Each structure stands twice: as structure tokens, then as C-alpha cells.
*Asks:* 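Can you keep this structure in mind? I'll have questions shortly.
Computed from a predicted model, the values in this text were never measured in an experiment.
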Amino acid sequence: WSLEFPSAPLAVGQEQITTDRVADFKTSQGNVRLLNPTDCVKDRLLWRYLENDGQCWEQALDIARNHAIDWEDLATWHSSEGYPELFKAFQDLATAK
């Protein structure tokens, strides 16, 4: 497990993450702010695409297979980041039965 504390403003690639897309998880030590599953997939995929990190690819697939993903938003993000040709392959693997 890894835990990151990025500086503001929060973004995945060129896309800023607004506060309405972040969940607050209350703990005895205070609140932890979490990305929603779709934004978490974007973060993992960006590391895969930029650094060829296979572990990030597997993490993105695990998240997409086990959580509700906004596929339309993810397709738009792929296009805006310059990876439109990679979206379908990811979606096909993530949704394969």
C-alpha cells in the first residue's frame, strides 16, 4: 500500500480534481481525503503511460474491476491527455468476464 500527500492543487495529468470529487474518510487522527475510483484509475494509468509501470497497470485494472467507474469520463480523460488509442484496450481488459 502506498499513501501519497500531493500538494495543491490536486490534479491527474492536466485535469484538476475539484473538491466535490474527493471523499472525506474520518479517522481518530483526523480526516483523510480520498480520490474517487475513476480518478484513482486515471492516476494509476498516467504512471503506466508515462513510466511504463506494470504495477500501476495492474492496480488500475483491480480498481476498475472492483469499483464503479465513469467510463465516459475516463474516455474523455484519455483523449485530453493524448492517449485516446489506449482507452479501449484498458476498458476491454477491465470489463472482461
*Asks:* Please check if L34 and V12 belong to a single hydrophobic cluster, counting links between Ile, Leu, Val, Met, Phe, Trp and Tyr side chain heavy atoms closer than 4.5 Å.
*Replies:* no
*Asks:* Check whether more than 12 heavy atoms from other residues, nucleotides or ligands sit under 6.0 Å from atom CD of E85, and answer yes or no.
*Replies:* yes
*Asks:* Can the ring centroids of F90 and W57 be said to lie less than 6.0 angstrom from one another?
*Replies:* yes
*Asks:* Do the side chain of H78 and the main chain of L74 share a donor and acceptor less than 3.5 angstrom apart?
*Replies:* yes
*Asks:* I need the minimum non-hydrogen distance between A68 and P37, along with the two atoms involved.
*Replies:* O-CB, 3.8 Å
*Asks:* Within this structure, what is the CD-OG1 distance for the pair E72 and T38, rounded to the nearest 0.5 Å?
*Replies:* 11.5 Å
*Asks:* Is the side chain of D39 donor-acceptor paired with the backbone N or O of L35 at a distance under 3.5 Å, no angle test?
*Replies:* no
*Asks:* Are L45 and W47 connected into the same hydrophobic cluster when the rule is that any two of I, L, V, M, F, W, Y join if their side-chain heavy atoms are below 4.5 Å apart?
*Replies:* no
*Asks:* So do L10 and T19 actually touch side chain to side chain, heavy atoms under 4.5 Å?
*Replies:* no
*Asks:* Do I69 and Q91 have side chains that approach each other closer than 4.5 Å (heavy atoms only, starting at C-beta)?
*Replies:* no
*Asks:* To the nearest 0.5 angstrom, please state how far the CG atom of N36 sits from the CG atom of D70.
*Replies:* 8.5 Å
*Asks:* Determine yes or no for a side-chain-to-main-chain donor-acceptor pair under 3.5 angstrom, with E81 supplying the side chain and Q14 the backbone.
*Replies:* yes
*Asks:* Nearest 0.5 Å, please: how far is CZ in F25 from CG in N31?
*Replies:* 10.0 Å
*Asks:* In terms of side-chain geometry, is the basic nitrogen of R33 or D24 positioned less than 4.0 Å from the acidic oxygen of its partner?
*Replies:* yes
*Asks:* Measuring from R44:CZ to D53:CG, what's the distance to the nearest 0.5 Å?
*Replies:* 7.5 Å
*Asks:* Is K42 paired with D73 through a side-chain N to carboxylate O contact shorter than 4.0 Å?
*Replies:* yes
*Asks:* Looking at side-chain heavy atoms only, is the closest gap between Y83 and L50 below 4.5 Å?
*Replies:* yes
*Asks:* Hey, what do you get for CD (Q55) to CZ (R48), rounding to the nearest 0.5 Å?
*Replies:* 11.5 Å
*Asks:* Starting at CG of L46, measure out to SG of C56 and round the result to the nearest 0.5 Å.
*Replies:* 9.5 Å
*Asks:* Of the non-hydrogen atoms in W71 and A94, which two are nearest, and what is the gap between them?
*Replies:* CH2-CB, 3.7 Å
*Asks:* State whether E15 and R21 are salt-bridged, where the test is any N-O pair (Lys NZ or Arg NE/NH1/NH2 against Asp/Glu carboxylate O) under 4.0 Å.
*Replies:* yes
*Asks:* Is there a path of hydrophobic side-chain contacts, each under 4.5 Å between heavy atoms of I/L/V/M/F/W/Y residues, joining L93 to W77?
*Replies:* yes
